[in-house]
Amino acid sequence: MEMEKRLAELESCTATHDKRLTEHGRQIDQLIKSDSEKDKQLALMRKDIENTNEAVKRMEKTVDKIDSKLDKALEIRTDDHLTSPLMEYRKVKWQIITIAIGILVGIVIKALFPML
């Protein structure tokens, strides 16, 4: 009788262990499946990061081009608003000085040679 009782306990224990092993096997399968899905998601994230990096590089190139164009525009504006007017001012100033000297030379010549 005691052997039968002991056998029944062992069978019960074995059944419990079988259930637990089956459950742990299912959990392991779920973890493997979850890990596989996470690997796929990680691969997608890496691809997204690569695409984002490429987009950032293209934006940086565009910004560099715009920066270059702005530098050129600034040079042109500086030339148009500062350098060119200054050169014109100097040109007009020398023309006025030349005319004034010409008038003075004319007055001196007229004073020296009144008959001309």
Show every side-chain hydrogen bond (donor to acceptor under 3.5 Å, both in side chains) that has at least one partner inside residues 87-109, sequence neighbours left out.
none

Sequence neighbours excluded and cut-off under 3.5 Å, please list the side-chain donor-acceptor pairs for residues 31-41, or say none.
none

With [X], which residues qualify under side-chain contact (heavy atoms from CB on, under 4.5 Å), at least two apart?
X      : result
Glu9   : Lys5
Thr78  : Leu74, Leu82
Ile66  : Thr62, Leu70
Val105 : Ile101, Ile109

Going by the rule salt bridge (Lys or Arg N to Asp or Glu O under 4.0 Å), which residues pair with Glu4 if we only count those two or more places apart in sequence or in a different chain?
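Counting only residues at least two positions away or on another chain, Glu4 forms no salt bridge (Lys or Arg N to Asp or Glu O under 4.0 Å).
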
Under the salt bridge (Lys or Arg N to Asp or Glu O under 4.0 Å) test, which residues partner Arg46, sequence neighbours left out?
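With sequence neighbours excluded, Arg46 shows a salt bridge (Lys or Arg N to Asp or Glu O under 4.0 Å) to no residue whatsoever.
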
Donor-acceptor contacts, no H, no angles, side chain residues 50-59, under 3.5 Å, sequence neighbours left out:
from, atom 1, to, atom 2, distance (Å)
Asn51, ND2, Lys47, O, 3.4
Thr52, OG1, Asp48, O, 2.8
Asn53, ND2, Ile49, O, 3.4

Whichever hydrophobic residues join Ile99 through chains of side-chain contacts under 4.5 Å
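In the cluster with Ile99 are Ile103, Ile107.
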
Co-members of Ile76 in a cluster of I, L, V, M, F, W and Y side chains, linked at under 4.5 Å
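Ile76 shares its hydrophobic cluster with no other residue.
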
Compile the donor-acceptor pairs under 3.5 Å between side chains in residues 15-25 and protein atoms, sequence neighbours left out, one pair per line.
from, atom 1, to, atom 2, distance (Å)
Thr16, OG1, Ser12, O, 2.9
Thr22, OG1, Asp18, O, 2.7
Glu23, OE1, Arg26, NH1, 2.7
His24, ND1, Gln27, OE1, 3.3

